[in-house]
Structure formats: C-alpha cells, structure tokens
Amino acid sequence: MVLDNQVDLLISKLKRRQIVNSGQAAIQTAYLMRMVIAATKSHQADKLIDTVKEIGKRLVSAQPMELVVGNIIRRVLHIIREEYTTIVRQEQNKIPQFPSSSSTMFNLLETSDDIDYSNTFYDFKQLVIDGIKDLIDELETQEQNIANQALEHIHSNEIIMTLNNSGTVQAYLKQAAKTRTFQVIVADTSPTHEGQVMAKALASAGIETTLIPDSAIFAVMSRVNKVILGSHTVTANGGLIACAGSRTIATAAKYHSTPVVVCIGLYKLSPQYPFDIEEYNLCVSPDQVYTYDEGDILEKVDIINPYYEYVPPELVSLFITNVGPQPPTYMYRLLNEFYSKEDFEI
Amino acid sequence: MAPKDNNVQEEEPLQAVIITDSFNNRYKPLTLDRPRCLLPLGNMPIIDYTLEFLAASQVQEIFILSCYLSDMVRDYIKNSRWVKSTLPPKIHTIATQECYSVGDALRELDAKQLLRGDFILVSGDVISNVKLDAILEEHKKRRETDKNCIMTMVLKKASPTHRLRAQGEESLYILDSKTNQCIHCEPLELYPQKNKFKVDVDAFENHPKVQIRNDLIDCQIDICSLEVPALFTENFDYQDMRKDFVRGILQSDILGKTIYCHVLTDQYAARAKSTKMYDAISKDVISRWTFPLTPDSNIQLGDNYRHSRNQIYKDQSVILARSAKLVEKVIVGANTEIGENSRISNSTIGHNCKIGDNVVIENSYIWDNVVIESNCNIYKSFIADNAHIWENVNVKKGCMISYNVEVGPNVDVDEFTKLTLHEPDNDTDYTEISNYQKLGEKSKAYLWEDKSSEDDDDEYDKNEKLTIAMSYLGRENVVQEYDDLDDSDVSSSSDEDELFLDDEAIQQKNNREIIATLERAFAENHSIENAALELNTLKMACNIQFRDLRVLAIPAVLSRIDADNPAQKIIERWGPLIAKFIHSDEDQVDAIYSIQKFCAKSEYHSKMLAVILKIFYDIDVLDEDNIIQWYGKSATEESLTEKERAIRTTALPLIQWLQSAEEESESDEDDEDDEDEEESEEEDDDDSEEESEESDE
C-alpha cells in the first residue's frame, strides 16, 4: 500500500509538473525503485525485472517528455541484469572470466544468448539494492564531479556565455571561479527570465557577470571564448533537448566557431532517438509571452511558447560528463555501458 | 503519541466544496441525460478539470454537492481514478434533494457540519490552473489582521469584450486599490441597460483610493471562512452567491463583514457557464492556456495524446486516412477513424468515433462514439455521444444533436436546431417532428424547444432571456446577430434592434413586466405585502412613477371581476394593493379616472362603476371628498370619451348618498356607530376613546 502510494505520488507530481528539474526527477525515481525492489517478495531476477518494467511503464507514460525517468528505470534494469549474470557466471565456472560487459567491442558480433533469469540466488536482491544505492550516490555527486573538471576547460580571462539557470553549469562556473578569474555573459532566456536568476547567483559568487537580452546573443558572440550550456536530456545521437533558446546560442556559436561545451550528468543520456524533433518542444502556457487579457487578439493569433527545443549534435563540441569529457559522436557508445539493449524499449 | 493541540490545529486539512449544479438550463438538451459537470471538454469530463485543479493546489478533502442527476455524479466519482488512487484528495459525494440554488446547497452543508476551517468553494464547471497556495496564504494573513474578512473572491483580468466574459452575467467591481477589498459589486445586465448606479458615500470616505473595474471575470473560485455557510443559514432568502450573498454582505452595515478580491493576471481560470463559454474554453485548452491541463498531459487513464504542430492533439490509436487533413486546433480521441479527404479544424472529436470520407468539420464538438457518414458538413455544433449522422447531412451553426439521435440522410439541419431522443410530453416542451422527411428517412429525433425556462417563476426576465440567447455557441455578438435570434429565445416583440430601445418601447417593456408580476401575484395568491414589495422593486428597476403602477394595476385588478368572482371579493382582496400606490388626494382622484377609463372599455364593467367606487370607499382606499371632487371635475374634463362621460352619470346615486352621508356625519360627529365605517377605523376610534378616557382619569 505504501509503495502504491509512493508510485501514485511520483506519477501525479510528474503529471502536474511539480517536478520539472531532471535531477530531482532522477533521484526521486531512483529512490522509488529502491523501494520497489525492497518491497518485492520474490528473489527471482525475472520477477524483479517485470515489476520494475511495469512500474517503469506507468512512470514513463505519466510524463513522456521527462526522459530521465525512463533512463533511471533502464539503469535499474541494467543493474539487475548485470548482477544476475555475474552471479550466474560465478556459479557456473567458479573461474573469473573476462568480463563480457557490453561496453567492450570484443563481443560486438556475438549473438547474445537468452539468459534464463528465473533462478533464485541468496543475497541477489541485496546486491541489486546496493547497486541502486551506488546509482543514487552517483546522482547525488555528479554535479560535484562535473564541477571538479572545471579548471581543465576554463582558463583565466576567458569570456564565457551561458543561458538559463542550470544547477550543473552554475556549480561548474563557481568551482572554476575559486581559482581563476573570468567573465560570464548570461542571456536573459525570455520568457522564463531564468538567466536573471543565474546572473544574480554568479555575481554573488564574485564572478564578473553581464546580463544580456536574448536578441544580443549573436552580436556578443564574437567576443566569447566558450559557450557553456546545461541540458534537460541528451538523445542517443548526442543531440540536446535543452531549454528554448539553446539552439539560438549554439547556432550563433557555430557561426563564430566558438566551442559549445555542455555539462551533463550521464543519467540524462537517453537511448531514444529524436525522429520527430518537434515532439520534444514541450509547449507550455502562452501566458508568459502574451497576456490573456486582450480577448480579441487571441481569436486571430496563435501564441506558442515552447519550453524545450532540440539542438542537433553538430552544434555541440564537447560534453563534460561525470565520467569525464566525451565528444558527441561517442555518446551512442556510452549507451551500451549504462543500459542493456533489451531495455531500450520499456 | 500524545497529540499536541497546537499542531493539530495548524495541520488542518484543506477542504474544498464543489457545487455541481448550475441552476440554469444553458446546456439543454445536452444536460437532459447527463449533468453539466460530466460533459466532456477536450475529451475529459469538466469535473476532472475542477478536481485536478484542486488536487494540484494540495486540497486534502473535497465535498461534491449535487442535486440534479446526482446518481450519475456519484457513480462517476465512485469509478474514477480519484477514488482508486491512494493519494489525497479524499472525495465525498453528497446528494442534496430539494436544492434550487447555491444558497440551498450551502445551507445543507452548514447543517451537515462537515467543514472545519477555511475552505475553497467552486462550482463544478471551473477550469483553472491557478495555484491556490499563494491566495490561501494571503487570505489567512488577512484573516489575522481583519477578523471580519469572510471571503476572498478570485477574479481574472480580461478586457470587457473578452470571449470568456459571459455577456449579461458579469459584474462591475469597485475595489480598494491598496487592499483589494471589494466595496461594491454591480451586476451588468443586458437588460435593462443601466447608465448609472448608486454607491454609498461612506465607501469613498473609508477608502481613499478605489478602482472601478469592468475588466474582471468572475471565476467563481471563492475562499470562504466557516461564517459563509452560517450566514447563508441565517439569511435563508440568499440564493445566488453573487447577486444575493455578496451584495447583501457588502450593503449590510450591521454585519460588518468584508470581502476581498484576488485579481489573477497570469494564470488561467474560467467557468464553462454556457455553450459559448464551453467553446471559448475548449479553444483555450487547445491553445494551452490551461497548461498543464492540456490533452497531451494525458490526465485520464488510457489516454495517449501527442501534441504536434498547429495545436493538433492526436491519440496514438487514431486511424487517419492518408488524405484526411487535420488543419489546426484539433483534438482527436482514442480509436477514432477518419476517412479520406475529410477536413477537420478547430474541433474536438471524442473517443471511438467513425468519420467517413469527404466530411468537413469546423468549430464543432463531437463527443464519444459518434458516427458521421460520408459527405457531411458540420459547422459550429455539438454532437453528443452515440449520435449517428447519415450521408450528405449539412449541420448548420448552433445545432445541438443530443445522445443517440440519428439524422439524415440527405438533409440540411437548420441553424440552432436542438434534437433529442426524449419523447415529447404533454407540457409541449417538445415538438414532435411529424414530418420525418425534414430530418431524413433514417432519422430518430424529436425537436426540443426551450420552453421550460418560461415556467420559471422569478428571475426569468428579459435579461435572463437575452443572456441565454447570447450564451449559445454560434452567437457572435449582441448587436450583429441580434436579428437572427429565434423568437422563442427573445420575446414576442418584433423590434429588430431591441437593445437600443426608444423610450416608448422601454415603457412597453416595463408595462409587460409589471403586468406579468401582477398576474403571478393573482395566480399564486401572494400576500399584499409581497406583491407590493415586488412591484415597488420593479418600479425602482424600471425607473417609473407610482402613477404608472397604478394605471397598470387598476385595470389588472378590475379585469378579474366576472360572474364567478364578484366585485366585492376581488376588490376586498386586491384593493389594498392599489392603496399602496396611492399617497395623496390627487392620487385618489387620478385613480378614479383610471377606474372610470377601465369601466368604459368593457360592456360588463361599465355598469359597475358606482359599485366599484363604493367598495373602494368601504375599504378605505378612496375618500368621499375625493370621489365627490372627481365627479365634479370630470363633468368638465375634455379628454374623456363619450362612453366615459356616459358611465360617469351612473355614479350619481353614489355621489348623492356620499353627500348625504357626509352631511349626516357632520351633523352628529359624536355618533360612532356608522355602519359603513370600516372596522379598523372603528378600532382606531375606540382606541382614541380609551386613551382619552385614560387621560381623563
């Protein structure tokens, strides 16, 4: 009952958009999954997989735009499969084998034989729970991990441009500011004006900060050394689903050959491929763009206020992840490291 | 764990009350089979929007009060995800019998004692994405400083001509600029159109800075304290929340309660009050003003909508023919099939519908399981569940095709036609279409006409008629479309631009209303006090004189005299009513002229002038002096007709008798035993006698 309640609670929060931050969504999903595993009576791996998948489906359909929820579910499924195969191998051979993780290329052409997940092993569940605990730790420390790499990418007296108020980017810049002096230009990010919040936070951390309107992005870009962005999710091809305005800034950077660096935790990497890029432009209430008071105009004008937009991988120079910097072309390889192929479709 | 009292009080669960009844007939015939709150809007029942809005605002407990078709509401809630969910809010449905207004509902609620603290009161047709937390906080703070603050009304800012403003139902508000206290609330009725209203001067003394605002939509979301239902119980004549309660509270100095407003500028809130509003709100839902309450949030279980360019919401299970085109602003529900070359724009199509080839649907609302065969055109109409439209049907604007109705093939359905399967009953509410040819060979339908509303006793005045007429989907604007309002909706007057009436016409209107009020008083046997009060109110409203009332009331009363109802009975019963409109000697004389005029008109009454005057004299409405004065005067009055002159003479015996009686009474003033004297007078005299005796002692 308690579990059902928790599942319903997370679903309703996702639906009502009471959780918008992808980091929050990820951590809450992970905690929920730990509860799910702990509450499942069976020790059989296939039962666990079924339970996680079933709840996962409900969570994903609650807010299909929030791809990180699906990612965490896949991560959990991957943990279950990994732990299981490790135990099975140990039981069968008692010989430490070369780890046949899918992250290597040695087994690229191997046909993966169907593993029978129905055996029961003592302590198996505990191992899975430990695995999820590690995942939660990863989620909680990833921001710091990314920030720790700041000095490698930000140099003294550089001018850096950013937009929106991404927690990861903020931590990253603040970390760099501890040892280096540099300038940050923040675009306003209308209509949410989150850029203002970011500018204020950076300025109070002692960084020389300039706030510019979105219209000035292109004009200022020629002076900028580096663009640092956050992203809501990263798709399988290395494209971004980031706050509206990101594509403008990335395109301007491309024109001026300014590198675009994206700071993301790897939990944001989704195996989904953006076939229909408009699908991800979640449109919110046009309220922020135009007031509802003037009735006559509403009849004649469509007002569209997208919250996210898709940025193609060509416009991104580098991802800084919690496991180190990665080029966009390499993102699809990372997928195999974190997820099992059979779970790409939940 | 020992409960700590302080904590318990602080964590009182937030409660909300939904009143699902609208107490009007705006959606008929669609609401004959289903209460308004269960009608789908954007393919989701309206009440789900209301519940979702409250749930998102962290409401813990919701009471749904319903009267009309309360079983359906109860069953719906019982099987809904709300009850199955383990999360708050907890929902209770309460069926109220004999509930005719918001006032009744709140009195019932007060009697049940279910509420524990400040609560949110909404109607069952509210669609909103407002976060109430801030407003509640504001209300609580206000309560700390101003104990008399009993209510906060949530109002939405919108230009006076906004499509969400229901013409004739909105109000003008006077607010204190600083505190947003509501000082005055003046309903803006379509008829009679007012150019001025009165506000107490004190209001301006107490509030140095006020705003007079005509740009606010009443969303009917109220944050009420417990005193509100209690006040309704105390004042059992309060019916409407706004017209009676708010005005009553604001005008009452004794209660000293205050009402505040919260003006929304950036969030959405509206009520689907009428079909026209339903249309406006549907468009807002599609344009995402209500975000996150949009179809692609898939709030209902089983829905799987995706939003794509041009505001098209398509369920994943929709089967769309290759050449079919969803132009813009369309919602298409699950398992619906759309045929070749069909074009759909600005419309909502429900679940499991089948739409044939070459169908054009514009600006329409098609609910679940509807079948529309090929080559149909549907424009600005409602088509309810399970309806079947056969081939080549042309549905023109403003139609409402109710549940299970079949129409066609090969017909045109006229504008504003309302079809239902309800058998016509003897009340002639419905007109059977004897001519089945008119709706096609395969049709199954009865024409429904909005006559029931005319049976309404009170309030069904001109304003109501106009408001209703304006509230139908397809009505564009008061002025432009006025001439195509059908007769049943407006009035028998053939005046084309009635909204700009000249004085004479206004007078005619007023007269009609007064006569209607009188008729009602006669028919329902109102007491004199009540009838007089009602007429006095009308007098104020129509801005007329007592003379006008008299001129109308006298013939109305006298015309009731016939063989079965002798003059004596009628005048003794209703004479006092006329007396209420007579205040001086001149009035009396004038009244006699009116009587004379009336009697002259009919053969039957012409002989009765003297009798009538005598009775009026007996019940002390007319004095002998004035009757005599009239007799003398009317002899020389030139404006009188022949007939009137003729019947004047029939009163001669009375005059003679009166004169003699006067002389008599003059001759012996002390004689109190005059048989003709009225009883009350006798009593008065007796009293005075007694008094004098006492003083003598």
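Small disclaimer: the values here were computed from a predicted structure and weren't measured. Each chain gets a letter, A, B and so on, in the order the sequences are listed, and its residues count up from 1.
By the 4.0 Å N-to-carboxylate-O rule, B:Lys329 lies close enough to A:Asp302 to be salt-bridged with it. The residues A:Glu309 and A:Arg247 are annotated as not salt-bridged, no charged nitrogen and carboxylate oxygen being separated by less than 4.0 angstrom. Between A:Arg74 and A:Asp343 there is no salt bridge, since no side-chain nitrogen of the basic residue lies less than 4.0 Å from a carboxylate oxygen of the acidic one.
For the residue pair B:Glu362 and B:Asn346, no side-chain donor N or O sits within less than 3.5 Å of a side-chain acceptor on the partner.
Your options are B:Gln311, B:Glu328, B:Arg306, and the one with the most heavy-atom pairs under 4.5 Å with chain A is B:Arg306. Ranked by heavy-atom pairs shorter than 4.5 Å toward chain B, the options A:Leu298, A:Val7, A:Asp276, A:Ile304 are led by A:Leu298. Of the listed residues B:Glu52, B:His307, B:Lys283, the one with more heavy-atom pairs under 4.5 angstrom with chain A than any other is B:Glu52.
Relative orientation of the A:Tyr308 and A:His232 rings is parallel, given thresholds of 30° and 60° on the angle between their planes. The aromatic rings of A:Tyr292 and B:His162 sit tilted, their planes meeting at an angle between 30° and 60°.
At a 4.5 Å heavy-atom cutoff, the contact between A:Gln18 and chain B is made by side-chain atoms alone. Interface remark: B:Asp215 contributes no atoms to any contact with chain A (heavy atom separation under 4.5 Å). The part of A:Arg17 that comes within reach of chain B is its side chain, from C-beta onward, which places non-hydrogen atoms under 4.5 angstrom from that chain. For B:Ala55, the parts sitting under 4.5 Å from any heavy atom of chain A are the backbone and the side chain alike. If you measure heavy-atom distances from B:Leu164 to chain A, the contacts under 4.5 Å come from the side chain alone.
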